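These numbers come from a predicted model, not from an experiment.
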Amino acid sequence: MNVAPHLLTEDRAEYMRLLDGALDTARARPEIDGAGPRLTRVQLRALTLNATALVTSAAANEYEHFVRLRAEHRAVLGSRPSVPADRSERGAGVLAVLGVLVPILAGTAAVVFLLAGSILHALAPAVVFGSTLLTAGLVFGIVAAAGLLCAATGLLVTALRNRPVEPGGTPDDELSRAREAWRLALLERGIQPFLHELLAATAASDTPDA
């Protein structure tokens with residue numbers, strides 16, 4: 001099989017899938033199904049694969065655009081550092097744990113100090129330690145409330161960060177459109193016309209001389 005120089009190795013399988021798909025629909029297309037005794041499906045496939053350079057040249061512009069976008073997309077993905085990302089994930093995990101523990105511990109301490117301070121203040125109003133316990137309970141209550149607020153904010157930020165991206169305008173969508181445009185051009189301007197030309201040549205050769 002002769003592969004066109006501009007068709008990269010990773011795209012050969014896609015070319016063959018498109019060709020096989022075109023040949024698989026032959027039964028619904030009389031001009032292909034009735035190829036005559038000289039060209040079978042296997043022969044049509046082999047001839048088209050041998051003419052890959054000619055067939056794929058019909059979609060050269062679309063293919064060049066697709067390959068360029070794919071290279072740019074891979075360059076962007078490759079430029080993202082993996083280690084800092086791991087560190088940020090670990091940091092986010094630590095913050096998440098703290099966001100859960102701080103409100104619980106501070107809330108528990110607030111309840112204990114407020115309860116003990118209230119009892120001590122009721123039994124001995126003149127004792128200053130009771131007021132100190134009440135003040136400490138209020139402080140821990142504020143800390144617990146602040147911790148809950150921070151945890152809720154963190155959950156909201158995480159939800160917004162991980163929300164699905166709306167279609168349109170993203171590199172993946174642009175790359176998918178370029179790939180589909182190449183596939184369509186290759187099929188409609190390359191593979192199918194080449195098959196038609198083969199069948200037309202076969203029909204002409206099978207026509208008896210007058």
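- Two different hydrophobic clusters hold Leu134 and Leu115 under the rule that ILVMFWY side chains link at heavy-atom gaps under 4.5 Å.
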**OP:** Please step through side chain to side chain contact (heavy atoms under 4.5 Å, CB included) for the pair Phe66 and Leu175, ending with a clear verdict.
**Re:** CA-CA 7 Å; Phe66 165 59; Leu175 181 61; 3.9 Å; yes

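- Test Arg189, Arg177, Arg179, Arg183 against Glu62 for salt bridge (charged side-chain N to carboxylate O under 4.0 Å, His left out) and you get one pass: Arg189.
- Arg70 and Glu10 are joined by a salt bridge, as a carboxylate oxygen and a charged side-chain nitrogen come within less than 4.0 angstrom of each other.
- No more than 12 heavy atoms of other residues, nucleotides or ligands shown are found within 6.0 angstrom of CD on Glu64.
- Pairing each heavy atom of Pro103 with each of Ala144, the nearest pair is O-CB, 3.7 Å.
- The shortest side-chain heavy-atom distance between Glu72 and Val76 does not fall under the 4.5 Å cut-off.
- When hydrophobic clusters are built by joining Ile, Leu, Val, Met, Phe, Trp and Tyr residues whose side-chain heavy atoms come closer than 4.5 Å, directly or via intermediates, Met16 is grouped together with Leu8.
- Once rounded to the nearest 0.5 Å, the distance linking CG of Leu47 with CD of Glu197 reads 12.5 Å.
- We find the CG-CH2 distance between Leu187 and Trp182 to be 11.0 Å, quoted to the nearest 0.5 Å.
- With values rounded to the nearest 0.5 angstrom, Leu19 atom CG is found 11.5 Å from Glu14 atom CD.
- In this structure, Thr40 contributes its side chain and Gln43 its backbone to a donor-acceptor pair below 3.5 Å.
- With hydrophobic clusters built from ILVMFWY side chains whose heavy atoms lie under 4.5 angstrom apart, Val143 does not share a cluster with Leu148.
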Original post:
Given Val42 and Arg45, is the side chain to side chain contact (heavy atoms under 4.5 Å, CB included) satisfied, shown in steps?
Top reply: CA-CA 5 Å; Val42 175; Arg45 187 178 190 275; 5.8 Å; no

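- Follow the hydrophobic side-chain contacts under 4.5 Å out from Leu195 and you reach Leu54 in the same cluster.
- Residues Val111 and Thr108 form no side-chain contact, since every pair of their non-hydrogen atoms from C-beta on lies 4.5 Å or further apart.
- With rounding to the nearest 0.5 Å, the separation of CD1 in Ile119 from CG in Leu114 is 11.0 Å.
- The shortest distance between side-chain heavy atoms of Leu44 and Leu199 falls below 4.5 Å.
- Across all non-hydrogen atoms, the minimal contact from Leu69 to Ala178 is CD1-CB, 3.6 Å.
- With respect to Tyr63, the side chain to side chain contact (heavy atoms under 4.5 Å, CB included) criterion is satisfied by exactly one of Thr56, Leu186, Leu7: Leu7.
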**OP:** Show your working on side chain to side chain contact (heavy atoms under 4.5 Å, CB included) between Tyr15 and Val55 and close with a plain yes or no.
**Re:** CA-CA 10 Å; Tyr15 170 68; Val55 175; 3.7 Å; yes

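- Heavy atoms of other residues, nucleotides or ligands lying less than 6.0 angstrom from CZ of Phe140 number 12 at most.
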**OP:** Please assess Thr48 against Leu198 for the test side chain to side chain contact (heavy atoms under 4.5 Å, CB included), listing each intermediate value before the final yes or no.
**Re:** CA-CA 9 Å; Thr48 308; Leu198 287 177; 4.2 Å; yes

